[in-house]
Amino acid sequence: MEPSAPTKAGSKQEEGFGAQPTWGTDLGPVLNLQRSSSSLCKKRGLQFLLDSSEKQKSLSSWIPENIKKKECVYFVESPKLSDAGKVVCACGYTREQHLEEAIGPHAFQGQEWDPKRHIQERPTDAFGDIVFTGLGQKMGKYVRVSQDTPSNMIYQLMTQHWGLDVPNLLISVTGGAKNFNMKPRLKNVFRRGLVKVAQTTGAWIVTGGSHTGVMKQVGKAVRDSSLSSGHDDGDVVTIGIATWGVVHNREGLVHPEGSFPAEYVMDEEGQGHLTCLDNNHSHFILVDDGTHGRYGIEIPLRTRLEKFMSEQTKERGGVAIKIPIVCVVLQGGPGTLLTIYNAITHGTPCVVVEGSGRVADVIAQVASLPISEITVSLIQQKLAVFFQELFETFTEGRIVEWTKKIQDIVRRRQLLTIFREGKDGQQDVDVAILQALLKASRSHDHFGHENWDHQLKLAVAWNRVDMARSEIFTDERQWKPAELHPIMAAALISNKPEFVKLFLENGLRLKDFVTCDTLLYLYENLDPACLFWAKLQKMHHVAQVLRELLGDSTQPLYPRPRPGERPHLLLPVPHVKLNVQGASLRTLYKHASSHDIFTIDPIRDLLIWAIVQNRRELAEIIWAQAQDCTAAALACSKILKELSKEEEDTDTSEEMLALADEYELRAIGVFTECYRKDEERAQQLLVRVSEAWGKTTCLQLALEAKDMKFVSHGGIQAFLTKVWWGELCVDTGLWRVILCMLAFPLLATGLVSFRERRLQAERGLARVRAFFNAPVVVFHLNTLSYFSFLCLFAYVLMVDFQPTPSWCERVVYLWLFSLFCEELRQLFYDPSGCGLRKMAVLYFSDFWNKLDVAAILLFVAGLACRLTPAALYPGRVVLSLDFTMFCLRLMHIFTISKTLGPKIIIVKRMMKDVFFFLFLLAVWVVSFGVAEQAILIHNESRVDWIFRGVVYQSYLTIFGQIPTYIDSVEFSPDHCSPNGTDPYKPKCPERDAARHQPVFPEWLTILLFCLYLLFTNILLLNLLIAMFNYTFQQVQEHTDQIWKFQRHDFIEEYQSRSPAPPPFILLSHLQLFIKRLVLKIPAKRHRQLRNKLEEKEEAALLSWETYLKENYLQSLQSQQRQRPEHRIQHISDRVDSMADVLQMDRLKQPGSVEQRLASLEVQVAQTASAVRWIVEALRGSGLGSKEGAPTLAPQKASEGQDPALSGGWQAEDGGDGHHVNARHLLYPDALVTRFPVPDEKVPWEMEFLIYDPPFYTADRKDKALVDPTGENPMGRTGLRGRGALSFFGPNHTLQPVVTRWKRNQDGAICRKSVRKVLDVLVVKHPRSEHWALPGGSREPGETLPRKLKQVLQREFWPAFESLLARGKEVYTGYMDDARNTDNAWIETVAISVHFPDQSDVELNKLNMHLLAQDPETSIRWQVVDKRIPLYASHKAILQKVATLFGAYY
């Protein structure tokens, strides 16, 4: 945009706009991925805080070296004066603003001022940070650049030095540079939509940067968004490209070493004909040409920069796209019309906001009309309405020029989008902008899938799943799942769960998507900010990290390859490995024909990948697709809890714990559904060995993750109860069990019942074995045995402790040895194969095991003393203390009790509070004791009495034992020793030798004593009670869960024990020693806690679980819909929708009649055209007489010519027959502009008095200029002369259309929509963006075109001439070519050469002789399709050939 001067209307222009080239045809996945923008922003912000000074130094050195400014070096006085009345140079600056060398004697003296010679580039002196004084502390970036600065240098500055992320979209806003008024509702809609599309897509907004016109509207939109969001995460990158010479108060921006920051003052009142920068833009590029006060200097640089950025590739998530660009138009004048015209011409979509005024409204008013109705008179009427103040300045030639440009703009409707607020279902500008881009993408020539694939890449890059649903995944296109695989990977890596859900809804199967290479690719692109990435850098192997997270109870998920299998796969990320099983797939996203399975469960692998990055939404979607869902949820809970322990960020750690709890609840929900349906199968799920999750079970995963809620579920507790009772019925009375234990022959009487009918009916040894193997029986036998051991131990200590051990004491020794052997068995019991080291860690992690080891070691120490005659008594003391420890072991036994168990847990928790309390108590006890001892006693040397006075006496005082010697009233010298010589009495306090009375200050000791009791008895003891109370209330809520959770370990312990209690268990240990060490038989977990199912049985069980998981998810969604907050939100949305509908109806009423009339006019025109065709057909068939025939509109095209080839191919309103390319304003490869010729002025018979086209003939030495001059048969073109053609008049060309049937691998002809599919031979010449038919002009006397000879070997030329002679002519006539002029034009003959048989000898010869002479020329067989990237005129010929053979097009 050119910011205009408010006081000089004549010098005001509009924003310039950069053209965008056509899209590339192949934007496939790439292997180099840019990291997640969020993580990069975090790192960038941290680096800025730490190294801001270094960055400033770097900018201060890099910018002057690479970025230049322009400065006048020769002062030439201008006849015009400045606003202040000063003499200025021709550049606009005063004498004082020039360098000394410019105003002194100079080599240029006496010459006229020439900007090319007298303005030179110098290192820029204005760059850094900018802060707007008095308008907040929000900081922006700015730089002063020369107008000739290369675009790549500016782009490097923005992305590398300013730290901007590469945009997913470039929005160039153009329009009126003067302040204008918009309707309040339209203004709000525009602002909200513009910012929304920028935030959701990661776009850059480019404007003119000044505080006027449309740029001011954009700035206010960004400001409102920033105020409403309240944080910087959603900041919109708004780049203002303005002219340096028109910026008011720019002097404050100048500093040779950069300003960090520069303070800029906005002074709109004193700006005069200059303009101020807008304070709501984030970055400024100030374009300098060395002059002052001249507007529009920035337009060429902005055009080049936008074009350069549109050619850059944005790589993200494994998918590369060229940065799309869109032009948004508000209001505007002649400059804006030129901007729109250039944008449309170069294929850039434009969104015109109707209601903003002037040019925007003119285009919006005529955009829906047929081209034939957009006449000069209509445009004149519209200009009179929307340009009332300037209409008298419009000349006839200017109105004709406007008409021609508007016709060309409207003709390419696929690139033009009119935003009508409240009409056509449009409500937001962001939707209109994205629809315009998708519509434009659809119009580009891509073959088949390439076009749709490109649109989907854009939608993913913008993160607009709503656009993908409404515009891409429609009935028009049926997506194959394999086509979605690359974009699915991009959506996963860039964390876009809505797109993942959309792809799954459209048929993508995760089992097909997750291949070996895909999984490696995903791990290669882990978020570097996640903890799992850091752990991989240390452990280098995914399987190792997962084994650490899941626990050693699981086997490695990616086991080491066996000999002969595929070795470790190394990721490009340093030192990261991932083992797979038998993987031989080397291509990404493609399976081998045999569909080899490289992993047990691909969905599991994808779920783990999402969970380790803490991606909640992605993991939720993937888990919903998982089959082994209960185990998957528990494994996710375990992984998240382990990661949260090492996560340094508190917020992230809390998020992980919350997500872990959520997956625990999911596991509970699914298991609840299963348990309600079938208890037996649900319990079978608990102990089923899951091959996918490291050969572990759901129950083991829950225990490893400490998922207490899951383990305390009623169904799991019922299962544990069943395990506890073994083969016995769970409702058997405990007294029956104890009675049968004491008298096992009662088992034959049926006193106890068994679950299995076989055991219930049998009365033999099997019944006895089943009874005594039940954990409940083993527990009670061991309990009776332990009580017997304690009784015998107490009897020995109190009654029978002889110098020589008695037989009772020897029995105690044997009993203890059996307990020691049992502890060894528990230590080495390793059914999961974890290893001795891990089992030792697990063993000593249990408090009761530590207590057992301490009691045994203490017993050994006491026994050693006891067996030593000199230490007999100390040995008895040690054994007595050891007895206390053995008694404490009883608490563990009673944890199985539902009544005592929870209470024991509370006691254990309270013990921790006691230890913390003792620390506080010790401070007061020691402080009071030392002070009291020092005041009362002088030089007490006996250590034991010091301890008694300092600690013991102070401690007893808390419990009410008041010392008598602190008060002289109760002092008695008989209770103490004066000199401390009596070992049984304390030393007396300080006293008067004459009166024998204490002399210590009683008031002080009593005061200390009272304070001590106050703090200890009242404060600390009540604190302890409060701590106990808090702990009790806190633990009481979860005591039941904790007890149920610990119950499993207790049950498993007694299930693995021998039925024989100590000391008879020694026989069992002997048997176990022989079995493990002699016979080498490995340990196995009991089948009730670990069950390996058959393959079919497991598949049926998992299918049943998956079915019930779907029920759970449906019920979960139903519950969420019933929540009050959800219902309130739903009602609110419906009210808002109703209000919008009512508002839209009110706005639609005035325009509804106009739309209906316009639609009716279109239908009438189509009907008239159809009637004319019918009349011509009947007349051509000889039916009817010419007399009385209706008068028909004259045909513009000459006989034998096709409108599609003569011009109508590009006009969406077909039937006018006017050539279009031949009237394009810019002549190709020449700096010549045609005279504008509107459609109505094309026929020569139409009067066009002002028609004065320029003359142009290319300098061609090989052609004479004496050829006769004729008139173009299709009418005016806006250019006289021969142009770039070879001859005046018709220039004849030949277009051979060489086709064959497209065949698949087995030789069958491919079909699409029932019709056969053709292949056509096409070529692509250097500097051409389109493919073309291999034809062109022919040299005099030659048969084959020159371009055809360039791709055929000479020896095949005669054979091809014979093929042309046998071919069928499909078209002869005028060609609408951009090189045509009023006096020279192209006429062509199109000949079809078809090879119906793939074994055709001539076809094989043709393929052998295809060879491009120019290495930059390409030639290939291309599938015939309407999206084929061919020149439009060639596509029209190709369509005729397809129709000739009845082929698909």
Side-chain angles (χ1 to χ4, degrees), residues 465 497-498 500-506 508-510 601 603-604 606-607 610-611 615-638 640 655 657-688 690 692-693 697-699 701-702 705 707-719 1040-1041 1044 1098-1134:
V465 71
E498 292 298 325
V500 174
K501 186 184 299 183
L502 178 64
F503 297 154
L504 292 174
E505 292 172 358
N506 285 272
L508 186 143
R509 298 179 72 249
L510 292 180
D601 189 355
I603 301 179
R604 172 208 67 180
L606 203 57
L607 177 62
I611 280 293
R615 295 184 173 180
R616 178 188 295 268
E617 294 85 0
L618 272 181
E620 179 181 345
I621 295 170
I622 299 169
W623 179 82
Q625 303 293 318
Q627 191 174 26
D628 196 357
C629 51
T630 305
L634 295 170
C636 291
S637 176
K638 169 65 175 174
L640 289 167
E655 290 177 3
L657 289 176
L659 188 56
D661 293 339
E662 182 179 327
Y663 275 97
E664 182 181 359
L665 294 177
R666 287 176 178 270
I668 293 172
V670 175
F671 183 77
T672 301
E673 291 288 332
C674 296
Y675 191 72
R676 288 174 182 171
K677 195 74 173 179
D678 190 334
E679 296 182 8
E680 290 294 333
R681 299 187 76 179
Q683 293 175 357
Q684 197 175 16
L685 274 173
L686 289 176
V687 295
R688 176 193 64 87
S690 176
W693 291 99
T697 64
C698 291
L699 187 57
L701 281 172
D707 289 334
M708 297 185 182
K709 294 178 182 178
F710 181 82
V711 177
S712 62
H713 188 276
I716 300 176
Q717 290 302 308
F719 168 74
D1040 188 60
Q1041 289 183 5
K1044 290 178 178 178
E1098 183 178 23
L1101 186 64
L1102 291 179
S1103 299
W1104 176 72
E1105 181 192 24
T1106 304
Y1107 166 73
L1108 293 176
K1109 176 198 66 179
E1110 298 297 332
N1111 292 347
Y1112 162 72
L1113 292 176
Q1114 291 177 4
S1115 63
L1116 197 63
Q1117 293 176 359
S1118 177
Q1119 292 175 7
Q1120 291 177 350
R1121 287 193 296 266
Q1122 295 301 322
R1123 291 179 179 174
E1125 57 270 20
H1126 186 276
R1127 300 181 69 177
I1128 292 173
Q1129 182 64 36
H1130 180 64
I1131 294 173
S1132 176
D1133 293 341
R1134 295 182 65 180

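Note that the structure is a prediction, hence the values are computed from the model and not measured.
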Distance-minimising heavy-atom pair for Ala624 and Leu1113:
CB-CD1, 4.0 Å
Using 0.5 Å steps for rounding, measure from the CD1 atom of Ile668 to the OH atom of Tyr675.
14.5 Å
Point-to-point distance, once rounded to the nearest 0.5 Å, from CG of Asp661 to OG of Ser637:
7.0 Å
The criterion is side chain to side chain contact (heavy atoms under 4.5 Å, CB included); which residues satisfy it with Gln1117, sequence neighbours excluded?
Arg1121
Among Leu618, Val465, Ile621, Asn506, the one residue meeting side-chain contact (heavy atoms from CB on, under 4.5 Å) with Lys501
Ile621
Residues which pass side chain to side chain contact (heavy atoms under 4.5 Å, CB included) with Ala1099, listed by chain and number, not counting sequence neighbours
none
Non-neighbouring partners of Ala619 that pass side chain to side chain contact (heavy atoms under 4.5 Å, CB included), sequence neighbours left out:
Leu607, Ala610, Ile611, Tyr663
Glu664: side chain to side chain donor-acceptor pair (under 3.5 Å) partners, not counting sequence neighbours
none
Please round to the nearest 0.5 Å and tell me the distance separating atom CG of Leu699 and atom CG of Asp707.
11.0 Å
Pairs in or reaching into residues 1101-1111: which pass side chain to side chain donor-acceptor pair (under 3.5 Å), with residues at least two apart or in two chains?
Thr630-Glu1105
Looking at Asp601 and Ala692, what are the two nearest heavy atoms and their distance?
CB-CB, 4.0 Å
Run Asp628 and Arg688 through side-chain contact (heavy atoms from CB on, under 4.5 Å) and show every step you take.
CA-CA 11 Å; Asp628 196 357; Arg688 176 193 64 87; 2.6 Å; yes
Partners meeting side chain to side chain donor-acceptor pair (under 3.5 Å) with Gln627 (sequence neighbours left out)
none
Could you pull out all residues at least two apart from Arg681 that satisfy salt bridge (Lys or Arg N to Asp or Glu O under 4.0 Å)?
none
Measure across Ala631 and Leu701 and return the closest heavy-atom pair with its distance rounded to 0.1 Å.
O-CD1, 3.6 Å
Only pairs at least two apart or in different chains count here, so list each side chain to side chain donor-acceptor pair (under 3.5 Å) that has a residue in residues 616-625.
Arg616-Glu662, Glu620-Arg666
What's the shortest heavy-atom distance between Leu685 and Cys674, and which atoms?
CD1-SG, 3.9 Å
Side chains of residues 708-717: which donor-acceptor partners sit under 3.5 Å, not counting sequence neighbours?
unit_1, atom_1, unit_2, atom_2, d
Ser712, OG, Met708, O, 2.8
Ser712, OG, Lys709, O, 3.0
His713, ND1, Gly715, N, 2.9
His713, NE2, Thr672, OG1, 3.0
Gln717, OE1, Arg1047, NH1, 2.9
Gln717, NE2, Val711, O, 2.7
Gln717, NE2, Lys1044, O, 3.4

Non-neighbouring partners of Arg604 that pass side chain to side chain donor-acceptor pair (under 3.5 Å), sequence neighbours left out:
Thr599
Pairwise distance CZ(Phe503) to CD(Glu498) - rounded to 0.5 angstrom:
11.5 Å
Any non-hydrogen side-chain atom of Trp693 less than 4.5 Å from a side-chain atom of Leu634?
no
Apply side chain to side chain donor-acceptor pair (under 3.5 Å) to Arg676 and list each qualifying residue two or more places apart in sequence or on a separate chain.
none
